[in-house]
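Data block below; observations after.
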Amino acid sequence: MSKVTSRFQVTLPKAPAECYGIRSGDDIQFEAAGEVMCVVSASAGASGEGLDIEARLHLFDAATERQRKRARRRPGRPRKHAWLDPPGVL
């Protein structure tokens with residue numbers, strides 16, 4: 001996980017940087033994608049030019065699975081703090 005500094009700078013974790021071939025000094029772009037933001041390496045291009053179709057489909061499938069997992073974690077109703085709920089309500 002990364003934090004945004006007071007100067008709006010972000011440190012890219014080593015594992016994703018190595019996975020996507022991003023090196024020190026490379027340019028990256030931040031692009032809006034619905035409710036999320038994507039980091040795109042300028043070497044790959046905004047459309048994923050540097051990746052073959054199989055790699056792009058793999059990345060898409062992985063993102064779709066992450067989204068499904070996030071959707072399953074959302075509670076059905078907003079929960080209050082456990083210490084404020086009467087016994088037996090949770």
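All figures in this text were calculated on a predicted structure; none of them were measured in a lab.
- If you take CG on Asp61 and CG on Leu57, they are separated by 6.5 Å, rounding to the nearest 0.5 Å.
- The NZ atom of Lys69 sits 12.5 Å away from the OG1 atom of Thr64 when rounded to the nearest 0.5 Å.
- Rounding to the nearest 0.5 Å gives a distance of 10.5 Å between CG of Leu59 and SG of Cys38.
- Counting only distance, with no hydrogens or angles, the side chain of Ser2 and the backbone of Leu12 share no donor-acceptor pair below 3.5 Å.
- Under the 4.5 Å side-chain contact rule for hydrophobic residues, Met37 and Ile22 share a cluster.
- Val39 places none of its side-chain heavy atoms less than 4.5 Å from the side chain of Tyr20.
- With rounding to the nearest 0.5 angstrom, the CZ atom of Arg70 is 9.0 Å from the CD atom of Glu35.
- Of the possible polar contacts, one joining the Asp26 side chain to the Arg23 backbone as a donor-acceptor pair under 3.5 Å is found.
- Side chains of Val40 and Ile28 form no contact here, defined as non-hydrogen atoms less than 4.5 Å apart.
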